[in-house]
Number of protein chains: 2
Amino acid sequence: MARPKTPRLNRAMIVDAALELVSSSKGLTMPGLADKLGVSVSSVYHHVRNRTELVELIRGRIAGREFGDLDRNGPWRTVLATWLREYRSAFSPYPDLVRLLIGQTISAPEVLEQYEYIAGVIIAAGFPREEALPVIMVLDSFALGSALDLSAPDEIWAANPTEHAHLTTAIAAAPAEVVARADAAFEYGLRCLLDGLAFRLGETPTATT
Amino acid sequence: MARPKTPRLNRAMIVDAALELVSSSKGLTMPGLADKLGVSVSSVYHHVRNRTELVELIRGRIAGREFGDLDRNGPWRTVLATWLREYRSAFSPYPDLVRLLIGQTISAPEVLEQYEYIAGVIIAAGFPREEALPVIMVLDSFALGSALDLSAPDEIWAANPTEHAHLTTAIAAAPAEVVARADAAFEYGLRCLLDGLAFRLGETPTATT
DNA sequence: ACCTGAACACCGTTCAAGT
DNA sequence: ACCTGAACACCGTTCAAGT
């Protein structure tokens, strides 16, 4: 074989295949990826410097999608709520992706654009300059933590009804299925967080998200 | 050598050594751990079923510490704030520990006890049963996400002053050092979250944390 | 430039062998 | 029970060799 006249691999294809592997039973491995693409491992390395770079490409792909649908007008609460929802839901088809991305420093340029936009929204909303970064970081922490819940097992805590009475009550009163439970918690936290932020701005936290 | 009359290894020693390795340059590996303990790899496996179990033991150790200092009296805001602060600060000596723990399902019993206690506080505070789990999950997501910030690089975003004007402004107005920056964001988010929760309870969110 | 096969260092885990 | 040395399967990465 060796060098075919028309390349049989490109970065887009590689990222596609990698994304499919991330949440598969075997996870993302270079041999597994090569296999799925029908090439040899070393061939993949001709298009991607290393595994780290591959993960950054995946991050860019995900971030790009998310950013596309963002509505730039409207009140800050709505914009931030939309962004956070899309941020998180971008991960739902790939439950294990969050953990993969968390393990690694951000360098994808698409992500920078997003934060730039969000920073603008926050400043325009009236938050003082020193609070802008904290606000971003808090939203980020919350979205990331919430996205992690998507890949949690159905039974997060093996609570014992007699030893853990309160916890058992709490669990029984919430949806049993992971995604439904995570969704509910996310929406609940979103409202709390936005209410808290509105309160800091001196606004009445009654507005709808 | 073979079986010495007095064992030269036990679980506590192993967890100690493992904790030291987690945030070291080489990270936590079984060969590295054996090396640090001065024994062979297979020897470690005699005390710990596998790497997964080892990580669970580490989780238990950390959770145990944290829970010890919890003040059980006082208003719910204070109790939750204290818990969240200790939760997060338990990770600060081991910046990379969060990522290690996140990769794995919780099974350490010490952690269950904690959530049981927190569930009790939340219910006693007056939150309806259906909101108890969401509240716990939201606090959890936030604390976890915030703990992740502790291991972030000094320069999280390589923001370009001309292309990312708002982001640059935000970054310039915040502490430059990782830990100081993460601390500020955490305290800010903590207040927002508790304010938002107080608002849901019908309380005036003016109380000090 | 773009692909292959073979190789290397490293990791998690197991197992027969010793006391 | 508790330790060792050797082995296995697997992973990320490199490199000379081919067109």
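The sequence lines fix the lettering, A, B, ..., with proteins before strands; numbering per chain opens at 1.
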Distance, rounded to the nearest Å, where R51(A) contributes CZ and dC11(D) contributes C1': 9 Å
field: Parallel, tilted or perpendicular: rings of F142(A) and F186(A) (30°, 60°)
entry: parallel
statement: From the candidates dT13(D), dC3(C), dC3(D), the one with an atom nearest any side-chain atom of H46(A) is dC3(C)
query: Short question: side chain of E53(B), backbone of V48(B) - any donor-acceptor pair under 3.5 Å?
result: no
query: Between dA6(D) atom C1' and M30(B) atom CE, what is the distance in whole Å?
result: 18 Å
Whole angstrom value for the distance that separates P of dA9(C) from NZ of K26(B): 14 Å
task: Measure distances between side-chain N and O atoms of T29(B) and base N and O atoms of dG12(C), and say whether any donor-acceptor pair falls under 3.5 Å.
output: no
query: Out of dT13(C), dC3(D), dC3(C), which nucleotide sits closest to the side chain of P7(B)?
result: dC3(D)
field: Nearest heavy-atom neighbours spanning S23(A) and L97(A)
entry: OG-N, 4.4 Å
- request: Looking at every strand, decide which applies to V39(B) at a 4.0 Å heavy-atom threshold: base, sugar-phosphate, or nothing.
  value: sugar-phosphate
Distance, rounded to the nearest Å, where N50(A) contributes CG and dC11(D) contributes P: 17 Å
Distance in angstrom units between D35(B) CG and dG12(C) C1', rounded: 16 Å
task: Return the value, rounded to whole Å, for the distance between atom OH of Y45(A) and atom P of dT13(D).
output: 4 Å
- prompt: Tell me, do L54(B) and V44(B) make a side-chain contact under 4.5 Å, heavy atoms counted?
  reply: no
task: For L33(B), answer base if it contacts any base atom (sugar-phosphate contacts may also be present), sugar-phosphate if it contacts only those atoms, and nothing otherwise; contact means non-hydrogen atoms under 4.0 Å.
output: nothing
query: Can any side-chain N or O of Q104(B) pair as donor or acceptor with the backbone N or O of V55(B) at less than 3.5 Å?
result: no
query: Does S43(A) have a side-chain nitrogen or oxygen under 4.0 Å from the phosphate oxygens OP1 or OP2 of dT4(C)?
result: yes
Dot-bracket summary - DNA chain C, pairs being Watson-Crick or G-U whose distances fall under 3.5 Å, with | when paired to another strand: ||.|||||...|||||.||
- request: Give a yes/no on whether any side-chain N or O of H47(A) is located under 4.0 angstrom from OP1 or OP2 of dA1(C).
  value: no
message: Classify the ring geometry of F127(B) against W76(B): parallel below 30°, tilted from 30° to 60°, perpendicular beyond 60°.
response: perpendicular
Distance in angstrom units between R8(B) CZ and dA1(D) C1', rounded: 14 Å
message: Using a heavy-atom cut-off of 4.0 Å across all strands, would you classify L37(B) as base, sugar-phosphate, or nothing?
response: nothing
- prompt: Given atom CG of L21(B) and atom P of dC10(C), what is their separation to the nearest angstrom?
  reply: 16 Å
- request: Give me the ring orientation class for Y87(A) and W83(A): parallel if the planes are under 30° apart, tilted from 30 to 60°, perpendicular past 60°.
  value: perpendicular
message: For dT4(D) and S42(B) - does any side-chain N or O of the residue sit under 4.0 Å from the phosphate oxygens OP1/OP2?
response: no
